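Scroll down for the structure; my scribbles are underneath it.
Ligands are counted one by one from 1 in listed order, and the atoms in each one are counted from 1 as well. One-based numbering along the sequence shown. Values in this document were obtained by computation on a predicted structure and should not be read as measured data.
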Amino acid sequence: MVSRVEHPAAGYKKIFETVEELNEPIPATITGVIPSWLGGSLLRMGPGQFEVGGEPLNHLFDGQALIHKFDLKNGEVTYYRRFVRTDAYVRAMTENRVVITEFGTAAYPDPCKNIFSRFFTYFKGIEVTDNCLVNIYPIGEDFYAVTETNYITKVDPDSLETLKKVDLCKYLSVNGVTAHPHTEADGTVYNIGNCFGKNMSLAYNIVKIPPAQGDESEPLEKSKVVVQIPSSERLKPSYIHSFGMTDNYFVFVEQPVKINLLKFLSAWSIRGASYMDCFESNDSMGVGWGCTGPLLFLHINTNNNRIFK
Ligand SMILES: [Fe+2]
């Protein structure tokens, strides 16, 4: 008799399962003991819905943004989760189709439009997603759920309600920033993003967002670009997932994973293209340690003398 052997990685499919949001926090099952002095809330983002209108969202980065909250108090834990009401989510739910193109899933055209208006829809450009499923961090006294585009979404960390969609392009010269900023002890936020400037000039801009101002003003209004690093390649900026920061230095690695801007611009007019289709690898380009082709995802630790990755 042949016994079936479960592949150790078979459980990975679980991460693509759609879940329902909760109406109220539920008690968590605790294994072990949580010290009674440990209190507070842990917020985490992730994908929570992988189908719209019977069509799949193809990539782990495409599921609709779900915000999770664990509240710790007196050795007890409650768990709560809500979908963030992004435009990507609300419009997908309303129209029952993928309306905004995600990293690995192209939006479907509106079937109600006739062929001529569909044609002009393609050439008008596909909207940039605000599906903020990657991370959540504070700016000033507010919390923002983020992905890697120019849109961030302000949420209420207590109720998990969605408060406001913010376009970073209104405040900063960037086309998007990473989901992994650095925050100083006083609340100052540093981040980095691609900047597609005039005459197709390309650069990586490091931006600084000050801490809460102690008045009604928004820290984003006082944000600015503090360093600009030119791209070594015209029309092909490198993908940036994170950067390093020490007391004295920013550490930026221009790596071989490239965004092909010509593909990117033309892909907007071709049905079925997603962000992922515009990525390519420059196999002849090293990243400074004599190796070729790798992708540096996360800077884990950086100090003035040595860099760990
Ligand atoms: Fe990441």
Side-chain angles (χ1 to χ4, degrees), residues 9 12 14-17 19 42-50 57-70 81 83-84 86 88-89 100-105 128-139 143-155 157 166 168 172 174-184 189-195 204-209 229 237-246 250-259 264 274-281 287-288 293-302 307-309:
Y12 82 93
K14 193 115 189 105
I15 61 177
F16 289 97
E17 273 180 16
V19 296
L42 174 66
L43 297 171
R44 281 285 180 270
M45 298 304 303
Q49 177 164 345
F50 286 96
L57 289 153
N58 299 326
H59 198 280
L60 186 62
F61 299 165
D62 298 352
Q64 297 295 339
L66 187 67
I67 179 168
H68 307 259
K69 182 160 77 108
F70 300 87
R81 66 181 179 226
F83 281 104
V84 182
T86 58
Y89 177 81
I100 299 181
T101 290
E102 301 292 348
F103 179 72
T105 308
V128 173
T129 185
D130 61 344
N131 184 18
C132 51
L133 76 159
V134 183
N135 199 3
I136 180 166
Y137 60 84
I139 294 177
F143 281 78
Y144 288 87
V146 303
T147 178
E148 296 182 338
T149 67
N150 53 306
Y151 293 119
I152 61 176
T153 305
K154 186 172 162 183
V155 293
V166 172
L168 290 174
L172 290 160
V174 286
N175 291 80
V177 290
T178 78
H180 300 295
H182 292 284
T183 305
E184 292 194 311
V189 175
Y190 289 92
N191 209 339
I192 187 168
N194 292 105
C195 172
Y204 310 96
N205 281 353
I206 294 177
V207 303
K208 177 183 179 180
I209 307 171
I229 305 159
S238 289
Y239 170 70
I240 324 164
H241 193 83
S242 69
F243 67 113
M245 194 172 89
T246 76
F250 293 113
V251 180
F252 166 66
V253 179
E254 189 179 39
Q255 51 179 337
V257 174
K258 294 284 181 176
I259 304 165
F264 200 70
S274 66
Y275 293 82
M276 204 164 68
D277 299 320
C278 308
F279 277 59
E280 62 185 40
S281 178
V287 291
L295 166 61
L296 172 62
F297 231 51
L298 291 167
H299 290 249
I300 294 172
N301 195 6
T302 312
I307 300 165
F308 299 94
K309 72 182 176 92

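None of N135, T147, V166 except one satisfies the side-chain contact (heavy atoms from CB on, under 4.5 Å) rule with I152; the exception is V166. Exactly one of V189, N191, L168 qualifies for a side-chain contact (heavy atoms from CB on, under 4.5 Å) with V207. That residue is N191.
Here Y144 pairs with nothing under the ring pair (Phe, Tyr, Trp, His ring centres under 6.0 Å) rule; sequence neighbours left out.
For the Fe ion (ligand 1), the neighbouring protein N/O/S atoms at less than 2.8 Å, given as residue and atom, are H180 NE2, H241 NE2.
Counting heavy atoms from C-beta on, the side chains of F279 and F103 come closer than 4.5 Å. Side chains of Q64 and N131 form a contact here, defined as non-hydrogen atoms less than 4.5 Å apart.
Judged by distance alone, the side chain of D130 and the main-chain N or O of A88 form a donor-acceptor pair under 3.5 Å.
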